[in-house]
Number of protein chains: 2
Amino acid sequence: MTRQKPVTVNDIARACDVSRATVSLVLRRSPLVNVDTRARVEAELKRQHYVYNRAAANLRRRTSSSVALVINDLSNPFFAEFAAGVDEALGAEGYVTLLGSTNESPERQQAVLDSLLEHGPAGIILSPAEHSDGEAVRRVVGITPLLVFNRALAGGDWDFLALENERGARLATEHLLSLGHRRIAFFGGHGDSSSCRQRRQGYIDAMSAAGIRPDANWLVECAPTRVAAAHETGALFERDPLLTAAVCYNDNVALGLMLGLQARGTRPGTDFAITGFDDIPEAALSTPPLTTLSVDPRERGRQAAQLLLQRVQSPDEAPCNLVAPVTLVVRGSSGGAHVPKADHA
Amino acid sequence: MTRQKPVTVNDIARACDVSRATVSLVLRRSPLVNVDTRARVEAELKRQHYVYNRAAANLRRRTSSSVALVINDLSNPFFAEFAAGVDEALGAEGYVTLLGSTNESPERQQAVLDSLLEHGPAGIILSPAEHSDGEAVRRVVGITPLLVFNRALAGGDWDFLALENERGARLATEHLLSLGHRRIAFFGGHGDSSSCRQRRQGYIDAMSAAGIRPDANWLVECAPTRVAAAHETGALFERDPLLTAAVCYNDNVALGLMLGLQARGTRPGTDFAITGFDDIPEAALSTPPLTTLSVDPRERGRQAAQLLLQRVQSPDEAPCNLVAPVTLVVRGSSGGAHVPKADHA
DNA sequence: CTGAAAGCGCTTACAG
DNA sequence: CTGAAAGCGCTTACAG
């Protein structure tokens, strides 16, 4: 450990024969300091490879230059893109991102928040783990501004950035209806998740508007993963063998359903129509490519960062509730010419 | 801005009628302090919702509890998984991750490093942007321990964690050879990237060992993206129409090549055999599924974190050069029964 | 325009 | 076992 001592304002001040205060003024680009002095100090700063100790400055100024970003599932490209967007926007505002990943575990989420808070972030962006305890989050977070992304979290009056879940599912359902489908399932997701409930609502609304009352059998729960969805494919047709299409909770579920269909000899897009949600990169690549809802996660990340920084500026305004737009991307999975137009009027 | 003042050791000390030193001792779990005193202090800590100010502690102790993680492309699932692994392992050791993403821009990389260093990380894990300037990195990084991942970076004697590029490409090539292919291309990547050169070498070695001298035309450059690869598909067959297989630089290239083949009516896995590299999630999902090399990026992340923390402990040992194992995953893209066995002896 | 002094929240020898 | 004092690297009134 022959770590040499880092160079400080003191070293610079001594070398330039000025006070530390003057050096500090130069660092903070104060207009008060004489041009010559400034030049001398800046030269010395460069010469000695001075690096600013932001932690010390933050301590003294009682400020923060970091934001905590806590993500439930970084291996999901949707959230990885979101994280990239957050980091990009925070960086542009001079903040640094403290990353925490929870792998969908509420316990790890508490631990991660705990640890990140000790570093005094100006705020927190949280994409909550499934089954998060909002009260517990509130307790550990205290008065640090918090923005919740994607899934609603009860227990506090925090800012919330959501997706147009309802409208998205409605668009997908209307699209299938316009192709002549009537017996359409809503497949995947858990009823206790806010995003799933909203997407179901959009589906139900669209069906109702078309004069169709969705059968209770047409709502099929399953974990939002590819494997689970592939597994549940059989259950779908046990519920109703006459189904011709499904609005899926998200792309992973839709892709899993495709695999499940292929395994039973049913051709997705030809014998059975499918829509997803998210437009992850795989969606365009599957066979057939997946009709889905595009949400631009990177842009959501930028948006989240901006909203949070606004809140940091004005902590006392009423919390905001934003819903980000989604757009329907029609591809092959929702059917070509061959999809059976079942029993329509 | 009615931010109330956070509670400090002072508040606790006053409330318990002990000195700040004693409170500090309790916080750091020193065995020196009386059990009763400890209990009283701990109760008060809880009662006042004390949160430790790690930045202040780090300042005084001249330590750090963060590590910077700089990633060239977070939207690539390979690197996102890597980041998740790094964060997981750092968290387990009590470190927090300072995230920076560069989007493959060397300029942004310099800016990001600059900014992160002001937060005094104990070390840096860097997955370099393409065409990074090692000297410039060295300059800004100074004496902070740095571990380079994935792509070699000249200009400093830092630790390096790489993949078994050469062996991986060799395995893929041997696999194709064992299926009877002789006219095998190496497709994609840029010759100025260390990982591409190594993979090419493995390909050439395997071919040579089988008594085949790869034609210069069989080495086709292209950017490591899906779109670029799909575009270059024509060029591949212009070089040599008799090719029956290609070892691709990575999965993205392989998937792009598949699209390109399909567009010209050539069936991947049936008329033409393909291998990838990385085993990204899409690989198992494509049609046909992609034969590729699995590298377990999350585990690489954990490994990188551990290596770096070791280096933080002992900065003066010789830099290490680790190569992480890869394993061949055989799937449909390298050919079923129908792949033509061209002109073999 | 510049300097001396105090202080951000913590820890660490050093006495006792 | 506990306290008083000094100090980590910075900034901010306050004088001058």
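Quick caveat, the model's predicted, so the values are computed rather than measured. Protein chains get the first letters and strands the later ones, always in sequence-line order, with residue 1 at the start of each.
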If you apply the rule side chain to side chain donor-acceptor pair (under 3.5 Å), what do you find for Ser105(A) with Thr102(A), and how did you get there? CA-CA 6 Å; Ser105(A) 152; Thr102(A) 65; over 6 Å; no
So ring pair (Phe, Tyr, Trp, His ring centres under 6.0 Å) across residues 79-128 of chain A, not counting sequence neighbours, yields Phe82(A)-Phe149(A)
Residue that, paired with Ser132(A), satisfies side chain to side chain contact (heavy atoms under 4.5 Å, CB included) out of Asn72(A), Val148(A), Leu153(A): Leu153(A)
Between CD of Glu118(A) and C1' of dC10(C) the distance, given in whole Å, is 13 Å
Spacing of Asn10(B) atom CG relative to dC10(C) atom P, expressed in whole Å: 9 Å
Could you state the OH-C1' distance from Tyr52(A) to dG9(D), rounded to the nearest angstrom? 10 Å
Can you measure His119(A) atom NE2 to dC8(C) atom P for me and round it to whole angstrom units? 21 Å
Taking every non-hydrogen atom, the tightest pair across Val18(A) and Arg40(A): CG1-NH2, 3.7 Å
So, is Thr37(A) close to the dT2(C) phosphate, meaning a side-chain N or O under 4.0 Å from OP1 or OP2? yes
Atom pair distance, as rounded to whole Å: CZ in Arg60(B) and C1' in dC8(D): 6 Å
Can you measure Ile12(B) atom CD1 to dG3(D) atom C1' for me and round it to whole angstrom units? 18 Å
First encountered from the 5' end of DNA chain C, between Arg40(A) and Thr8(B): Arg40(A)
On the nucleotide dA4(C), are OP1 or OP2 found under 4.0 Å from the side-chain N or O atoms that Ser19(A) carries? no
Using the side-chain heavy atoms of Arg20(A), tell me which of these nucleotides is nearest: dA6(C), dT11(C), dG9(D). dA6(C)
Let me see the working for Asn103(A) and Glu88(B) under side chain to side chain contact (heavy atoms under 4.5 Å, CB included), right down to the final yes or no. CA-CA 9 Å; Asn103(A) 289 320; Glu88(B) 182 185 323; 4.2 Å; yes
If you assign Ala56(B) and Asp17(B) each to the DNA chain D nucleotide with the nearest heavy atom, which residue ends up on the more 5' nucleotide? Asp17(B)
Integer-rounded Å distance: dG9(C) C1' and Arg14(B) CZ: 13 Å
Hey, is CG on Asp192(B) packed in by over 12 heavy atoms from elsewhere, all under 6.0 Å? yes
If you only use heavy atoms from C-beta on, which nucleotide in dT2(D), dG3(C), dC10(C) is closest to the side chain of Ala57(B)? dC10(C)
Walk me through it: do Ser195(A) and Asn150(A) pass the test side chain to side chain donor-acceptor pair (under 3.5 Å)? CA-CA 7 Å; Ser195(A) 57; Asn150(A) 195 42; 5.6 Å; no
For Asp36(A), report the nucleic acid contact type (base, sugar-phosphate, nothing); a contact means any heavy atom under 4.0 Å. nothing
Where is the tightest heavy-atom contact between Arg38(B) and Ser30(B), given as atom of each residue plus distance? NH2-O, 2.5 Å
May I ask you to decide whether Arg138(A) forms a salt bridge with Asp157(A), counting only side-chain N to carboxylate O separations under 4.0 Å? yes
Contact under 4.0 Å: Arg61(A) side-chain N or O vs dT12(D) OP1/OP2: yes
Pair assignment for DNA chain D - dot-bracket with | for other-strand partners, Watson-Crick or G-U under 3.5 Å: |||.||||||||.|||
With a 4.0 Å heavy-atom cut-off, tell me which residues in residues 23-34 of chain B come close to DNA chain C, sorted by residue number. Ser24(B), Arg28(B)
Check ion pair Glu299(B)-Arg302(B) (N to O, under 4.0 angstrom): yes
Looking only at dC8(D), dG3(D), dA6(D), the nucleotide nearest the Arg62(B) side chain is dC8(D)
Write down the distance between CG (Leu59(B)) and P (dC10(D)), rounded to a whole number of angstrom. 9 Å
